[in-house]
Structure formats: structure tokens, C-alpha cells
**Q** 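Starting off with a structure, shown below.
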Amino acid sequence: MSLRIVVCVKYVPDATGDRKFADDLTVDREDVDGLLSELDEYAVEQALQIAEEADDAEVTVLTVGPEDARDALRKALSMGADKAVHVDDESIHGSDVMATSLVLAKAIEKTGYDLVIAGMASTDGTMGVLPAILAERLGVPQVTLLSEVKVEGGPNGTVTGRRDGDTASEQLEASLPAVVSVTDQSGEARYPSFKGIMAAKKKPVEELELDDLDIDEDEVGLAGSWTAVDSADERPARTAGTIVKDEGEGGKQLAEYLASQKFI
Amino acid sequence: MAEILVYVDHVDGAVRKPTLELLTLARRLGEPVAVALGNGAADTAAVLAEHGAVKVLTADAPEFAEYLVVPKVEALQAAYEAVSPAAVLVPSSAENKEIAARLAVRIGSGIITDAVDLEAGDEGPVATQSAFAASFTTKSRVSKGTPVITVKPNSAPVEAAPAAGAVEALAVSFSEKAHGTKVTSRTAREATGRPELTEAAIVVSGGRGVNGAENFAIIEALADSLGAAVGASRAAVDAGWYPHSNQVGQTGKSVSPQLYIAAGISGAIQHRAGMQTSKTIVAINKDAEAPIFDLVDYGVVGDLFDVVPVLTQEVQARKG
Ligand SMILES: Cc1cc2nc3c(=O)[nH]c(=O)nc-3n(C[C@H](O)[C@H](O)[C@H](O)COP(=O)(O)OP(=O)(O)OC[C@H]3O[C@@H](n4cnc5c(N)ncnc54)[C@H](O)[C@@H]3O)c2cc1C
Ligand SMILES: Nc1ncnc2c1ncn2[C@@H]1O[C@H](COP(=O)(O)O)[C@@H](O)[C@H]1O
């Protein structure tokens, strides 16, 4: 039996762009170019490596996002994923993590999976909790924040990995099906090859809407979210600091400053 | 008065500072009831009582150490059901955020992560958060269920506020789910004797400009003279000069100290994401155009190998 891997990838505004909030206080996705979250490239990479190690495997990349999120799927397909699923529905706009995770969980179940792989955090929302929530919703083990991951034994096998925590480094083990997330320490992601880019154009992208997933409109979007943003204000620019050029006195001047601020 | 459930972060009974900060915030919302789990849980009571915990619910079981996350979720859920609190507050850390998130799903509540401030509001607690590498400040609320909110370290002062802190054993029975992910081995990180990066009042970080693992001794010497924690940019970590556990930034630790000193760090957006909320920022960089200078309160354009050792000497001399 083939090992079915579903990779969750998010389409995010480029972090080096001038990111803003839209009038409805959702992330503005119009004015800044979007891309496949860099942190999800690591998830795609580990999925491809696990698939290469397995006798028989299929990698599906999944995104919940607007029409443009297709770009993120194309990138993942050109890296080597086999097929893609895109959940795009007007009503999803403004969904918080609870609503988004509901859609992802339903889409994962519909697609069929033995292993779900996500990134450690999205680069726009930066919550880092969605993989844990998916495990809770799907009712399968959570093996998250791995800097090393290995899968053995096919669809009924096990996943093991190393999780470098706050106070300790832990070795984890769970049986499949499971939800995994990987960190940026898990190994550099490959660049799509020219061949990969050409091949990606022919790979299937399945488009899904809420109806296909038996989700009601009022379970998602701004109205279906369980949190509300009341205001978003640009942080006032820091007042320009004092900048000195070191001409032999830089260290002393800095000490003087730190003393004036009572740090020493 | 409404009770506020506060999840305790501790190491074998030693309560970590962010939990005490959380008690300060919890007291703005109601009466803090603390939940401490695992080895040494009962030893946390005295210090929690000193800082305002009216009750301390404790539970210990081998499951907390032997399986990942879920046993703690189930214990926190048991505490939630026993107390029916008005909010659940959790100190932000990678693991604690996962615990909070799974609890939120189970109790049908919304979750807010990485708040930097909390106030009581007409419709429940209002959380302040930083967004987009701290270029925006947002205010949000949980609009469904009992608010579950994780709060970053250094978001509030630690305040003495003596309360009863009565210890009560929490009854927890684990479901099959709790045994899903086994921790097969654990290697504790070596203690450095320096303050914990996320909790430190002062952080001194080195970047690619430090140019070698051996040169980090210069950064450490400055840190030690100030009683500071040591941080590193991803470039320095990727080069193998300093451990990943010290990385500051989007994929490392997020810090918000009183004073942040960046030496040989350019100030890329992903680095800024982890330090931009520091109160005072100082940089030493030989490139006057480095973006880090846009953030600084005080900057020295110069070679860190000249500036840092002199600064260390001056600090030592002044501290006498
Ligand atoms: C998804 C993603 C996540 C990331 N996460 C993080 C993260 O968590 N943390 C992080 O830090 N980065 C992160 N990065 C990387 C980030 O983009 C930068 O590449 C990194 O921060 C650069 O580190 P640096 O400033 O040390 O190096 P550089 O950008 O190379 O800067 C080195 C600086 O040192 C100065 N210098 C050199 N020699 C000297 C000297 N002798 N004296 C004084 N100054 C000197 C130079 O002028 C230069 O400004 C991430 C990137 C991505 C894509
Ligand atoms: N809209 C989305 N579509 C697909 N995957 C997502 C989406 N949002 C989050 N994820 C996945 O969940 C991970 C953690 O996201 P977060 O908890 O939002 O920081 C990301 O790295 C992605 O793998």
C-alpha cells in the first residue's frame, strides 16, 4: 500500500515586503507579493525525502487560501510533490486558526492520509499551533517541531524524530497515522529544477469549496472565527537614536550611554 | 470574583519567571488559580502564593514526562472543568502554546497566542499582540468560549501579592490519546550559568560579524560583565558558531529585554521579529548602512573586535 503524505502549505505575504492589515483587519494580501511560506518549504522537503525512502508513496500538497495561493502549490509541485488540493471559497476569508484548522482537517480526511506534515509556524500569523490543533481534530498522535524526522514501515509504520525543546532535546515516537511538523533545522529545502517546473504544469490540482467538505459558511470566515481583532495600529517608528562612529572612543562612549541609562 | 486559571511553567518545582508575570496579569482579571503539573508540582505553591495564587492545583504522574503534550492537555482540562474559570492563561513557549491550543479545541474556545499585554474589557480580556515583526500592535479578544491566551515573557512586572495558595490535588485520568506520542529519551540542555534567554533583563547577541565560534568568547565576556544572556543570529547559528537554542528571531527565541545589544548583526526582518520589542536597543556594526541602525537607541559604527572588549572593560571597571 502506498504511503499517503499530505503537506500543509500556506501562501503568505513576503516578509521582506511592507506588510499591512486590510480595512477589515485581516492580513492585507493585495499590496505585497505572496509566496509559499519559507517555513513550509522545509515541510515539503521532508515529505519528499520520506517519500523517496519509502517503497511506495504519494505526496499531496494542500492549501487553504485565495486564488493566488495556487502559486504556493505550483512551487511545491515543482519541488516534486505529486498532486495538490486547493480549498478556495469566498466564505473562508478572515478565518482564524480554529476555522482554518477545521477546513484543513476536513480536507485532509477527504484526501486520505497516513502522515500529515506541516511547517513549524506560518510566517504571517506566526502562531505555531496549527499542527497541534490538527492532531487534536484528527484524533491522531502529534509529533511536532522536529529537527530530524524518519518514517519506517509504510502506512502502518512509525514516525520518529528529535524535538529540541526549551530545556531538553527529546526523541519522539508514534505510530501512523500522525501529524508531524518540522523546523528550519530539519535540512535545507531543494530548489525546483527546470524539469520539475515543467512537470508541475501537468500535475493535478483539485479545487474544493466548502460544500465539498460539508462545512457550513457560518463555521468559517470572520463570523465563524472564535477570536476578533478590534484594532491594528502601526507601531510608531522608534525615535532616531544616537549614532557615533568609533574613532577609538566607541567602547567608552557606549559605556557612558549604558551608565546614563542605569544599566551599569 | 471570577477565577482565572494560570498554567505554571516550572522545572522540578522551580517556577520560571514568566509564570509570576502571568499572575500579575491574571490579578487584573480575577483571582488566580494556578495549575502545576509533573515532578515537583507541589513545591511551586509557596512562591505562587506569594504572587497571588489563591489556590494551587497539582498533579504528578509518569505520563507527563513519558508522553508528549497530550497528558498535560488532559490535566489542564481537568482543572478547567473543576474550576470553570473566566479565562485560561498560559506562559508562551513552543510547547505551552501547543498545550493551550489543544485545550482550546477541546473546550470549544478561541485562542490568542503571544500576547504582550492583557487588560480586563467589557467583553472579556483584551490582548495586545505584536504583528509583522512588531511593526503593528493589535488588540484582540476571544469571542467564543472561555478565553485561552498565551502570554510572552517580559510582558508584565513580577509583583508580590500574598494570597492563600492552598494546595489541592487535582484528579486526572488519562485517555488513550494521552499515550499517542512516546518520549523515548530526553537529554537536558547543559546549564550555562547565564540567565535564560527569554527571561533575561539584558541580552547580548552576536552575528556573522563575530566571525568564528572561538570569537564568541568576546560576546560572552560582555554578557557576563552585564549579567546578561547570550543570543545569536541565525547566520551565526547556521555557521555552527553558537547553539541553536540561543538563536534570536522568527525561528529562534523571541526576546523582549530591557536592553538588547547586537554586535555584528545586520538586522534582517527575521531577526528583528524576535527582538524589536526590546526596550532599549544598542548595536555595534562596522557598516553604517546596516538596517539594525534604524532600530537603535544608541549605535556605534565600528569594528566589534575593537569596541566590545573596551566596553567590557569599562563595564567591569564601573561595576568595580
Ligand atoms: C524563514 C526564515 C527564518 C529566519 N529566521 C531567523 C531567525 O530566527 N533569526 C535570525 O537572526 N535570522 C533568521 N533568518 C535569517 C535572516 O534573514 C538573516 O539572514 C540573518 O539574520 C543574518 O544574520 P547576521 O545579521 O548575523 O548576518 P549578516 O546579515 O551577514 O550581517 C552581518 C553584519 O555584521 C557586520 N560585521 C561584519 N564584521 C564586523 C565587525 N568586525 N565588526 C562589526 N560588524 C561587523 C556586517 O556589517 C553585517 O551588517 C531567517 C530567514 C528566513 C528566510
Ligand atoms: N491556510 C493554510 N493552508 C495550509 N496550511 C496551513 C495554513 N495555515 C497554516 N498552515 C500550516 O500550519 C503551520 C503552522 O501555522 P500557524 O499555526 O498558523 O503558525 C504552517 O507552517 C502550515 O504548514
Side-chain angles (χ1 to χ4, degrees), chain A residues 15-16 19 21 39 96-98 120 123-124 126-129 132-133 136-137 139-145 164-174 183-185 225-235 238 241-246 250-255 257-259 261 263-264, chain B residues 11 68-69 93-95 97-98 101-102 105-106 109-113 131-132 134-145 177 180-189 202 226 244-245 250-251 259 269-270 280 282 293 295-302 306-307 310-311 314-315 318-319:
Chain A
T16 58
R19 292 179 294 179
F21 285 90
L39 293 175
D96 72 352
V97 69
M98 286 301 175
M120 64 186 287
T123 57
D124 54 352
T126 68
M127 294 183 80
V129 297
I133 292 177
E136 179 68 41
R137 287 195 185 279
V140 301
Q142 157 191 349
V143 199
T144 49
L145 298 173
D164 295 321
D166 236 10
T167 54
S169 178
E170 295 165 330
Q171 207 64 44
L172 304 179
E173 185 184 307
T183 72
D184 62 338
Q185 298 293 299
S225 289
W226 297 357
T227 48
V229 181
D230 291 330
S231 68
D233 296 301
E234 202 153 2
R235 206 179 149 85
R238 292 185 81 103
T242 310
I243 297 184
V244 300
K245 194 167 175 346
D246 176 39
K252 282 215 172 74
Q253 287 167 298
L254 188 44
Y257 172 77
L258 294 183
Q261 300 297 308
F263 289 115
I264 41 179
Chain B
V11 181
L68 190 73
V69 171
S93 72
E95 173 170 297
K97 285 200 283 187
E98 294 184 331
R102 294 189 70 142
V105 178
R106 287 186 177 207
S109 289
I111 180 170
I112 290 175
T113 54
F132 301 151
S135 57
F136 277 81
T137 303
T138 62
K139 295 215 191 263
S140 352
R141 284 173 294 119
V142 168
S143 51
K144 179 169 179 291
K177 293 268 181 315
T181 306
K182 205 169 168 34
V183 180
T184 52
S185 74
R186 176 179 287 114
T187 320
R189 235 184 36 234
I202 304 181
L226 291 163
H244 178 252
S245 50
Q250 185 180 38
T251 55
L259 171 64
I269 186 78
Q270 295 89 354
T280 299
V282 165
F293 285 124
L295 297 184
V296 300
D297 296 284
Y298 199 90
V300 179
V301 179
D306 297 331
V307 177
V310 174
L311 174 59
E314 284 288 321
V315 175
R318 282 164 196 258
K319 285 202 164 170

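Just so you know, these numbers come straight off a predicted model, no measurement behind them.
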**Q** Is chain A contacted by the side chain of K177(B), its backbone, both, or neither, given a heavy-atom distance below 4.5 Å?
**A** side chain

**Q** With a 4.5 angstrom heavy-atom cut-off, is it the side chain or the backbone of V97(A) that approaches chain B, or both, or neither?
**A** side chain

**Q** A quick test of your reading: do over 12 heavy atoms of other residues, nucleotides or ligands sit less than 6.0 Å from NZ of K252(A)?
**A** no

**Q** Checking heavy atoms, do the side chain of T280(B), its backbone, both or neither come under 4.5 Å from chain A?
**A** both

**Q** Within the distance-only criterion (no hydrogens, no angle test), does the side chain of D96(A) pair as donor or acceptor with the backbone N or O of W226(A) below 3.5 angstrom?
**A** yes

**Q** Side-chain contact, heavy-atom cut-off 4.5 Å: R238(A) with D297(B)?
**A** yes

**Q** With a 4.5 Å limit on heavy-atom distance, are the side chains of L258(A) and Y298(B) in contact?
**A** no

**Q** Side chain from CB out, backbone as N, CA, C, O: work out which of these in R318(B) comes under 4.5 Å of a heavy atom of chain A, or both, or neither.
**A** side chain

**Q** Just how far is it from atom NZ of K139(B) to atom CG of D230(A), taken to the nearest 0.5 Å?
**A** 10.0 Å

**Q** Measuring heavy-atom distances to chain B, does T183(A) have an atom under 4.5 Å in its side chain, in its backbone, in both, or in neither?
**A** neither

**Q** Looking at chain A, which one of G180(B), A101(B), S185(B) has the largest number of heavy-atom pairs inside 4.5 Å, strictly under?
**A** S185(B)

**Q** Answer with side chain, backbone, both or neither: which region of K182(B) has an atom nearer than 4.5 Å to a non-hydrogen atom of chain A?
**A** both

**Q** What residue in T137(B), V142(B), L295(B), V105(B) has the most heavy-atom pairs under 4.5 Å with chain A?
**A** T137(B)

**Q** Name the member of Q270(B), Q250(B), R186(B) that forms the most heavy-atom pairs with chain A at distances under 4.5 Å.
**A** R186(B)

**Q** If you count heavy-atom pairs under 4.5 Å between each of V307(B), V300(B), T113(B), L226(B) and chain A, which one has the most?
**A** V300(B)

**Q** One thing to verify: whether R102(B) and E98(B) come together as a salt bridge, which I'm taking to mean a side-chain N less than 4.0 angstrom from a carboxylate O.
**A** no

**Q** Does a side-chain heavy-atom distance below 4.5 Å link T138(B) with F21(A)?
**A** yes

**Q** Please look at V282(B) and chain A and tell me whether the side chain, the backbone, both or neither of the residue comes under 4.5 angstrom of a heavy atom of that chain.
**A** side chain

**Q** How about L68(B) and E170(A): do any of their side-chain heavy atoms sit closer than 4.5 Å?
**A** yes

**Q** For chain A, which candidate among S143(B), A188(B), A94(B), S93(B) shows the most heavy-atom pairs at distances under 4.5 Å?
**A** S143(B)

**Q** Relative to chain A, which segment of S245(B) carries a heavy atom at a distance below 4.5 Å: side chain, backbone, both, or neither?
**A** neither

**Q** Pick from I111(B), T181(B), V310(B): which one has the most heavy-atom pairs with chain A under 4.5 Å?
**A** T181(B)

**Q** Does any heavy atom of chain A fall under 4.5 Å from the side chain of D306(B), the backbone, both, or neither of them?
**A** side chain

**Q** Less than 4.5 Å apart, any side-chain heavy atom of T227(A) and any of S140(B)?
**A** no

